[in-house]
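Here is the naming used below: chain letters follow the sequence lines, and residue numbers restart at 1 for every chain.
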Amino acid sequence: MASAYEPVIGLEIHVQLQTRTKMFCGCELEFGAEPNTHTCPVCLGHPGTLPVTNEQAVEFGIQVALALGCEVAPHSIFHRKNYFYPDLPKGYQISQFDIPLGSAGSLGEVRIHRVHLEEDAAKLTHTGGSGRIHGSGASLVDYNRGGTPLVEIVTEPDIRDAATAREWLTLLRTTIRQLGVSDVNMEEGSLRCDANISIRPAGTETLGTKTELKNMNSFRFIERGIEAEIERQRGIVESGGEVDQATMHFDPASGSLTLLRSKEFAHDYRYFPEPDLVPLVVGPERIEATRAGLPELPAAKRDRYESEVGLNPDAAAQLAFDTELGEFFEQAAEQAEQADAKAVANWVTGELVRYSRESDFEHPARTEASVAAVASLADLVEEKTINRKVGREILARLVSEGGDPAAIVEAEGLGALAGGDGALEAAVDAAIAAEPEAADKVRAGEMKAIGALVGAVMRETQGRADGGEVTRLLREKLGG
Amino acid sequence: MVELSAHEAAAAISAGDLDSGEYLDTYRAAAEGDQLNAYLCPIDDEPAAPPDGPLAGMPVAIKDIFCMEGVPTTAASRILEGYRPPYTATAVERLQQAGAVPLGKTNMDEFAMGSSNENSGYGPALNPWDRSRVPGGSSGGSAAAVAGGLAPWAIGTDTGGSIRQPAALCGIVGLKPTYGSISRYGMIAFASSLDQCGPLTTSVRDAAQLLAVMQGPDPRDSTCTGIEAGVEVPEPGASLEGLRLGIPKELAGEVEGMEAGVRDVFERNIALCEELGAEVAETELPHAAHGISAYYVLAPAEASANLARYDGVRFGTRSPEPADLTEMYEQTRAAGFGAEVKRRIMLGTYALSSGYYDAYYGQAQKVRTLIARDFDRAFADFDLLLTPTSPTVAFELGARAADPLAMYMSDYCTVPMSLAGIPAISIPSGMAAPAGGGPELPVGLQICGPAYSETRLLAAAQALEEALTFDRAPALGAGS
């Protein structure tokens with residue numbers, strides 16, 4: 001039953017940048033290192049220390065802003081965001097506030113509000129039991145992560161359901177991975193996402209009170225968490241209540257939402273411009289040079305696949321947003337000599353994906369079927385050396401066992417019967433003789449009856465006949 | 001030996017006429033006999049032999065705000081009791097690289113917050129001219145050490161007058177260079193956009209020499225440019241002939257609470273300048289009267305963030321057995337910080353808080369810009385400006401302790417130069433009796449110039465110093 005209330009969702013994403021060193025000091029970044037082995041007086045906030053901006057992080061930040069279609073600020077500054085917590089050594093985080101690096105962009109159907117640079121906090125581990133603060137006896141701090149360069153991306157509340165959120169995050173992740181500025185791996189924490197969710201009567205403009213959903217560590221959990229929160233809010237509003245501003249946690253195991261903190265503890269961060277750093281100045285030449293150096297991004301690639309290659313929107317999106325699959329496709333299309341890109345795309349997004357899933361491979365580009373094999377298979381079908389049905393069977397075998405399709409066809413005599421050597425004609429004649437009623441109907445103009453005759457030819461030829469050629473011969477002989 | 005000025009001693013050591021070991025031992029013994037509480041901690045490192053560089057073998061006192069690796073550094077606060085930094089401040093490194101030998105860490109107002117050295121967590125330093133009076137602050141220990149014969153020269157920091165005012169009250173030379181001249185890396189931060197390192201010496205030439213060694217860009221401090229044109233140490237026989245000297249009325253004749261004795265000395269100083277061939281005229285800095293108000297919003301605001309790192313988590317003292325994180329923070333800071341520090345943290349937090357930022361912090365920044373513009377306009381017509389350094393001579397211990405605002409007024413004449421970031425020097429220019437009666441005490445003359453004009457400023461100060469022929473020190477043995 002459709003609700004009278006529509007969800008309004010915005011996302012806040014943090015991406016750890018793949019620079020060699022931290023945002024404001026020379027400590028090296030290394031995921032999974034022994035705790036507190038990549039620290040220095042600066043990132044530990046010792047008295048008298050000062051931050052120095054990582055130029056590579058700024059470069060990566062500009063790339064992200066441009067890839068997300070943003071205006072890059074010619075002059076942006078850092079601010080101090082003040083609060084006390086053990087994972088924040090200085091008692092403030094150096095971030096950007098009212099003049100961020102990038103603003104007013106879009107990716108796909110979602111507008112980007114802002115993109116800015118900041119430093120990551122250290123990592124807290126709570127001992128005992130669930131690993132969460134509640135009920136733990138002590139907390140340990142690992143400062144290795146503290147100071148890692150982050151790009152924060154905030155969207156406008158343009159998303160209307162959980163599935164779209166998940167799809168859009170996939171596009172975002174692929175885009176950033178394409179840039180090569182981050183691993184964007186949620187399991188390792190190089191990609192983090194919080195959601196802001198509210199609901200309002202369908203068709204209205206005013207935003208409802210929003211809640212924040214945090215600490216979800218996979219796209220699937222994000223989707224489920226958003227769904228759960230939408231339901232929770234709908235339940236409240238539909239029974240006459242009001243949604244309170246809050247921060248929620250979603251537990252995927254139980255599917256339940258718990259309150260982390262309510263409005264009373266909303267922080268006043270007392271932002272003020274960071275006096276230890278000079279402003280970031282990005283001139284128009286630098287912006288254009290960076291823009292020119294960007295790789296082809298997923299959205300552009302999808303558009304190109306649709307308009308130039310002629311793929312349908314779903315296939316175009318699938319190949320554009322899955323980098324590995326897209327690369328597999330591009331290489332196969334290049335190697336194929338007879339088959340065009342569209343035909344290759346159909347094999348890749350259709351049967352290859354399906355057989356890969358059925359055989360439990362991790363990814364369709366990583367089965368036993370090589371790029372060359374798939375290209376060759378597409379050519380064999382295009383040339384009508386084999387028919388489509390045989391092609392599908394061979395592909396299934398390539399996926400599980402590998403091999404060269406031409407060799408398989410040769411060795412097992414699977415070549416299509418396509419007429420010219422009389423064998424096909426003989427089979428067609430035999431089928432007409434075997435199905436006289438169907439033949440009469442076709443002669444009388446009932447084309448539907450041709451199916452039975454085609455079937456008979458296929459049985460006669462063990463499925464090797466070329467379907468199109470068979471139909472043509474039948475029509476010729478039966479005058480249809 | 002202690003009759004020699006520092007640069008004379010340095011030259012003698014270089015020439016082999018003075019044994020650096022003996023010289024060092026003399027000062028070590030003097031420091032050990034310290035009756036002024038000028039020193040918080042001796043430094044026992046043996047210098048590398050033989051001494052090398054322009055400051056070879058020269059002992060120097062270091063304000064306890066500068067980090068030195070392995071040496072107790074407290075910023076005169078109990079919250080850093082026992083703290084030994086893991087690194088050394090750039091300014092100190094440069095002195096050491098020039099051959100200087102740090103003698104000891106000097107007393108100061110806690111975290112540089114104060115104008116009398118009475119806010120130290122380790123007891124006040126005393127004025128060698130009269131031990132019932134304050135030496136000024138916050139670099140009171142450095143000033144007392146130099147004036148009391150316990151060090152040939154010293155370095156301190158100046159945020160609103162903390163080098164110049166104690167220099168004036170102790171009858172010595174104190175220089176605050178242009179903001180950004182000397183690296184702040186390793187200088188425990190009070191107010192990041194105002195703090196600056198500088199020398200306290202018995203002659204202008206000594207101050208120039210220390211500045212020349214310490215100044216210069218530092219990749220570890222983004223706000224440090226150094227003085228691009230360099231610093232020329234002034235030669236004897238410098239002249240004031242033809243120099244245009246301005247007297248800003250808001251910081252001279254119109255200062256409320258200026259003692260009659262100080263006023264008299266200043267007028268004699270002006271007359272002397274005219275005799276020496278300078279063109280002296282009155283000018284104005286219309287917004288300078290608001291300097292104290294703006295300063296006491298901006299500096300505490302930055303301090304409230306800079307001091308957030310003193311939380312008991314990673315270094316310094318920590319409250320014993322707190323019940324939880326909040327208690328640890330609250331108890332550690334309540335026990336570790338003195339009253340003035342707490343006052344300024346609260347003031348600063350308030351000035352930055354939501355709803356008040358624009359009225360206080362924002363407004364103060366605008367006033368700051370106006371003051372800087374006032375100086376720019378004045379320097380279009382004048383080469384240098386002259387004011388008394390302090391409205392009064394040294395006051396008695398405890399006289400202003402109960403009245404923070406009266407204490408803040410000590411910096412009335414020095415704060416505007418800090419806000420504008422321009423260089424300013426105080427030279428001893430006469431003696432005057434305090435308003436309440438008693439023996440005469442030193443008076444300081446402040447000279448300031450446009451940004452990066454240190455060479456001209458020091459030359460003019462040198463010329464005046466020669467003409468003034470001020471007695472160099474209080475009674476012999478005043479320090480021990």
Side-chain angles (χ1 to χ4, degrees), chain A residues 24-26 36 39-55 77-94 97-98 122 124 126 133 136-143 146 265-280, chain B residues 65-67 73-75 77 80 83 85-90 111 183-189 191-195 218-225 298 301-302 304-316 325-326 328-329 333 348-357 361-362 365:
Chain A
F24 295 115
C25 70
N36 295 313
T39 62
C40 74
V42 176
C43 58
L44 287 174
H46 271 254
T49 54
L50 298 170
V52 178
T53 308
N54 182 325
E55 272 306 309
I77 63 174
F78 289 103
H79 267 74
R80 291 189 185 176
K81 179 179 181 181
N82 300 282
Y83 63 96
F84 286 91
Y85 210 52
D87 64 0
L88 200 64
K90 296 188 295 297
Y92 57 87
Q93 176 197 34
I94 301 178
F97 182 52
D98 56 0
L124 281 171
H126 310 292
I133 286 188
S136 78
S139 299
L140 306 171
V141 198
D142 175 11
Y143 291 98
F265 297 108
H267 264 113
D268 175 9
Y269 293 111
R270 301 190 304 283
Y271 285 97
F272 70 99
E274 171 57 80
D276 288 332
L277 294 173
V278 296
L280 284 180
Chain B
I65 203 170
F66 293 95
C67 289
T73 300
T74 66
S77 178
L80 282 177
Y83 173 65
Y87 73 105
T88 297
T90 300
F111 286 111
S183 172
R184 289 184 298 118
Y185 185 73
M187 226 168 82
I188 296 178
S192 315
S193 73
L194 294 157
D195 294 342
D218 181 9
R220 292 172 293 190
D221 176 357
S222 301
T223 63
C224 177
T225 56
L298 294 173
E302 293 182 6
S304 71
N306 285 328
L307 270 63
R309 65 191 66 199
Y310 304 107
D311 56 10
V313 175
R314 296 163 313 289
F315 50 76
L325 181 69
T326 306
M328 183 184 86
Y329 286 154
R333 292 163 69 84
T349 305
Y350 184 83
L352 291 173
S353 59
S354 171
Y356 295 101
Y357 179 97
Y361 186 85
Q365 285 286 36

Test your reading of the model: is there a side-chain donor-acceptor pair from [X] to the backbone of [Y], 3.5 Å cut-off?
X      : Y      : answer
B:R309 : A:H46  : yes
A:D268 : B:S353 : no
A:R270 : B:S354 : no

Sub-4.5 Å side-chain heavy-atom contact between [X] and [Y]:
X      : Y      : result
A:R80  : B:N306 : yes
B:Y310 : A:P47  : yes
B:Y87  : A:T49  : yes

Segment of B:D195 engaging chain A (4.5 angstrom heavy-atom cut-off):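 Contact with chain A is absent: no heavy atom of B:D195 under 4.5 Å.
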
Between A:G91, A:P86, A:P51, the one whose heavy-atom pairs under 4.5 Å with chain B are most numerous: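 Most heavy-atom pairs under 4.5 Å with chain B: A:P86.
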
Any idea which of B:A189, B:S193, B:P86 has the most non-hydrogen atom pairs under 4.5 angstrom with chain A?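 Going by pairs under 4.5 Å, I would pick B:P86.
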
What part of [X] gets closer than 4.5 Å to chain B, counting heavy atoms only: side chain, backbone, both or neither?
X      : result
A:F84  : both
A:V42  : side chain
A:D276 : both

Just checking B:Y361 against A:F272, ring centres under 6.0 Å apart?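 Between A:F272 and B:Y361, which both carry aromatic rings, the centre distance is below 6.0 Å.
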
